[in-house]
Engineer: 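One structure coming up, written as structure tokens, with questions to follow.
Note that the coordinates shown come from a computational prediction; the quantities given were computed from them, not determined experimentally.
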Amino acid sequence: MSKLTLTPKLPFYRLNTCKAAEFERLTLLNTEVANTLLSVDKSVRRKYTSKDFHPVEIGSMWINQTIRNTCAQTKVKKFKRLPIEINNQGYSVSHQGDLFTISLSLYRGQRKRIPLTVHSASHQETLDKIINKEAFNGSLKISKSRKGIWYPLISVSMDVPEPGLVNGWIGVDRGQNNIAVAALPLSFGKFWSGKQVKSLRRKFQKLRSLLQESKKLKKVKEIERHEHRIMTHINHVISKQLVQFAKDYNMSLRFEDLSGIRQTSLQRRKNKSDASKNRDHWAFYQLELFSRYKAIFAGVPVESVPAPYTSKSDHRNGVIGKRVKHTFTGVDGYTCNADWNASRAHWSMAWFFMSNESS
């Protein structure tokens, strides 16, 4: 059995103003406790317990978790904001009608737990597994988004079955012209175009440049966060479709290992100045990371293959050919789409390296 860890984000349902203000007050109080600990020498810090903060009205389980979190931070000098957090013994999850509730006690000396309703959204299956003891809940953290929405973050770990036998593999090539290309063996490929991402990168780069000239640096940060959220959403969508594509054909996914690509892959200075062409701005690893955890949940095997020469190797025989922009040309004159050839070449290169290791 494999183990999968998720962190569902569950906004509170119809949280009134008084409760929201209380969460804010307790978060600031918790931050003061953490900063008080940081002012103490590291050797003494670990000896503190909730008894040393008896005047603080936050519950002892929350204070003890704050102490553990603060001691784990070795380089932080001061917290701007530290959300309150509790371990799995301090709360419970239940199902009432069509809604889910999280029961917890916030204050010192108060044993009765107060139920708070949350939006289940797309995490209903995960919450049902917690209630049915099919998943194990970890710590709970109460945080606030930049839009002022309060939500608990629950760490959930569950056992998932090992992937079964598959019919074959699907090579996945990542790039800029096409964010991802998935090729079935001896068959067609599926393309996810990068035109939208390139356009958005240029748009946000131009907008940031104008804002920087106007000295609106706070707005620049907002634009950067907005761009990050959009790109993360795009990677989530593509990774979900990739895993479903593999599941429909009972195949495994094979990614090229791009670790250290920024150090080994040289770029022209002109490309570095263009956000749509600068590879440092493209979240290749994030796409693989999202695909991997979704694949584990769906029972789809995922493998990594060496990256060198996969984009220049002929998928039919592994011989180095010539790649010019979107076209690959083999030594015998055979031509095809370069990204599709690279995704198909993942198997031939993997077979080549495995045969060398065995010999």
Engineer: Walk me through whether Met158 and Thr126 qualify under side-chain contact (heavy atoms from CB on, under 4.5 Å).
Structural biologist: CA-CA 9 Å; Met158 64 185 76; Thr126 303; 4.0 Å; yes
Engineer: Do Lys294 and Leu242 have side chains that approach each other closer than 4.5 Å (heavy atoms only, starting at C-beta)?
Structural biologist: no
Engineer: Any salt bridge linking Lys203 with Glu227? Criterion: basic side-chain nitrogen under 4.0 Å from a carboxylate oxygen.
Structural biologist: no
Engineer: Return yes when atom NZ of Lys219 has more than 12 non-hydrogen atoms of other residues, nucleotides or ligands closer than 6.0 Å, and no otherwise.
Structural biologist: no
Engineer: Below 30° counts as parallel, above 60° as perpendicular, anything between as tilted: where do the rings of Trp192 and Phe245 land?
Structural biologist: perpendicular
Engineer: Report yes if the side chains of Pro83 and Ile142 come closer than 4.5 Å at any heavy-atom pair, otherwise no.
Structural biologist: no
Engineer: Can you measure from CE (Met231) to CG (Leu200) and round to the nearest 0.5 angstrom?
Structural biologist: 4.5 Å
Engineer: Step through the shown structure and confirm whether more than 12 heavy atoms of other residues, nucleotides or ligands are within 6.0 Å of NZ on Lys198.
Structural biologist: yes
Engineer: Do Ser155 and Ser139 have a side chain donor and acceptor closer than 3.5 Å?
Structural biologist: no
Engineer: Could you tell me if the side chain of Val181 sits less than 4.5 Å from the side chain of Val172, heavy atoms only?
Structural biologist: no
Engineer: For the OG atom of Ser239 and the CD1 atom of Ile234, what is their distance to the nearest 0.5 Å?
Structural biologist: 11.5 Å
Engineer: Is the shortest heavy-atom distance from the side chain of Trp62 to the side chain of Leu140 under 4.5 Å?
Structural biologist: yes
Engineer: Can you check whether Thr36's main-chain N or O pairs, donor with acceptor, with Ser39's side chain at less than 3.5 Å?
Structural biologist: yes
Engineer: Within this structure, what is the CD1-CD distance for the pair Ile63 and Glu57, rounded to the nearest 0.5 Å?
Structural biologist: 10.0 Å
Engineer: Where do Leu26 and Ile58 come nearest, in terms of heavy atoms and distance?
Structural biologist: O-CD1, 3.6 Å
Engineer: Quick one, Thr117 and Gln96 - any side-chain contact, counting heavy atoms below 4.5 Å?
Structural biologist: no
Engineer: Which heavy atom of Val44 sits nearest a heavy atom of Tyr48, and at what distance?
Structural biologist: O-CD1, 3.4 Å
Engineer: When rounded to the nearest 0.5 angstrom, what is the spacing between CZ in Arg108 and OG in Ser60?
Structural biologist: 6.0 Å
Engineer: Should Ile84 and Leu106 count as side-chain neighbours, where that means a heavy-atom distance under 4.5 Å?
Structural biologist: yes
Engineer: Quick check against the 3.5 Å criterion: does Thr70 have a side-chain atom that pairs as donor or acceptor with the backbone of Thr66?
Structural biologist: yes
Engineer: For residues Ser193 and Asn178, report the shortest heavy-atom separation together with the two atoms involved.
Structural biologist: CA-OD1, 3.8 Å
Engineer: Examine distances only and state if a side-chain atom of Ser291 and a backbone atom of Leu287 form a donor-acceptor pair shorter than 3.5 Å.
Structural biologist: yes
Engineer: Rounded to the nearest 0.5 Å, how far apart are OG of Ser92 and CD1 of Ile102?
Structural biologist: 9.0 Å
Engineer: Determine, for Glu222 against Lys218, whether the closest basic-nitrogen to carboxylate-oxygen distance falls under 4.0 angstrom.
Structural biologist: no
Engineer: side-chain contact (heavy atoms from CB on, under 4.5 Å) for Phe290 and Ile238? Distances and angles first, verdict last.
Structural biologist: CA-CA 9 Å; Phe290 289 168; Ile238 294 176; over 6 Å; no
Engineer: Under the criterion side-chain contact (heavy atoms from CB on, under 4.5 Å), I'd like the reasoning laid out for Glu256 against Arg174: C-alpha separation, chi angles, the key distance, then a yes or no.
Structural biologist: CA-CA 8 Å; Glu256 56 185 331; Arg174 288 161 289 171; 3.9 Å; yes
Engineer: Step by step, would you call Lys216 with Val220 a side-chain contact (heavy atoms from CB on, under 4.5 Å)?
Structural biologist: CA-CA 7 Å; Lys216 297 181 179 179; Val220 172; 5.6 Å; no
Engineer: Between the side chain of Asn87 and the main-chain N/O of Met61, is any donor-acceptor distance below 3.5 Å?
Structural biologist: no
Engineer: Do Asp159 and Lys3 come close enough that some side-chain heavy atom pair is under 4.5 Å?
Structural biologist: yes
Engineer: So, for Arg45 and Ile67, which heavy atoms are closest and what is the spacing to 0.1 Å?
Structural biologist: O-CG2, 4.4 Å
Engineer: Tell me which pairs pass ring pair (Phe, Tyr, Trp, His ring centres under 6.0 Å) where either residue lies in residues 127-163, with sequence neighbours left out.
Structural biologist: Phe23-Trp150
Engineer: For the residue pair Ile149 and Pro11, what are the closest heavy atoms and their distance?
Structural biologist: CG2-CB, 4.2 Å
Engineer: Quick one about His123 and Lys9 (side-chain donor to acceptor, distance below 3.5 Å, no hydrogens or angles considered), yes or no?
Structural biologist: no
Engineer: Nearest 0.5 Å, what's the CG-CG distance between Leu82 and Asn35?
Structural biologist: 8.5 Å
Engineer: With the 4.5 Å side-chain cut-off for hydrophobic clustering, are Tyr13 and Leu10 part of the same group?
Structural biologist: no
Engineer: With a cut-off of 6.0 Å (strictly less than), are more than 12 heavy atoms of other residues, nucleotides or ligands near OH of Tyr334?
Structural biologist: yes
Engineer: Is Ile131 reachable from Tyr91 through a run of I, L, V, M, F, W or Y residues, each pair having side-chain heavy atoms under 4.5 Å apart?
Structural biologist: yes
Engineer: Count I, L, V, M, F, W, Y as connected when their side-chain heavy atoms are under 4.5 Å apart, and connections chain through other members. Are Tyr285 and Ile179 then in the same cluster?
Structural biologist: no
Engineer: In terms of hydrophobic clusters joined by side-chain contacts under 4.5 Å, are Val40 and Leu37 together?
Structural biologist: yes
Engineer: Crowded around Lys144 NZ? As in, over 12 foreign heavy atoms under 6.0 Å?
Structural biologist: yes
Engineer: Tell me if the CD atom of Glu303 is crowded by more than 12 foreign heavy atoms within 6.0 Å.
Structural biologist: yes
Engineer: Heavy atoms only: give me the nearest Lys47-Asp52 pair and the separation to one decimal.
Structural biologist: O-OD2, 4.2 Å
Engineer: Just wondering, more than 12 heavy atoms not from Arg46 lying within 6.0 Å of its CZ?
Structural biologist: no
Engineer: Looking at side-chain heavy atoms only, is the closest gap between Pro8 and Leu127 below 4.5 Å?
Structural biologist: no
Engineer: Looking just at side-chain N and O atoms, do Asn69 and Gln65 make a donor-acceptor pair shorter than 3.5 Å?
Structural biologist: yes
Engineer: Going hydrophobic residue to hydrophobic residue with side-chain gaps under 4.5 angstrom, can you get from Leu153 over to Leu4?
Structural biologist: no
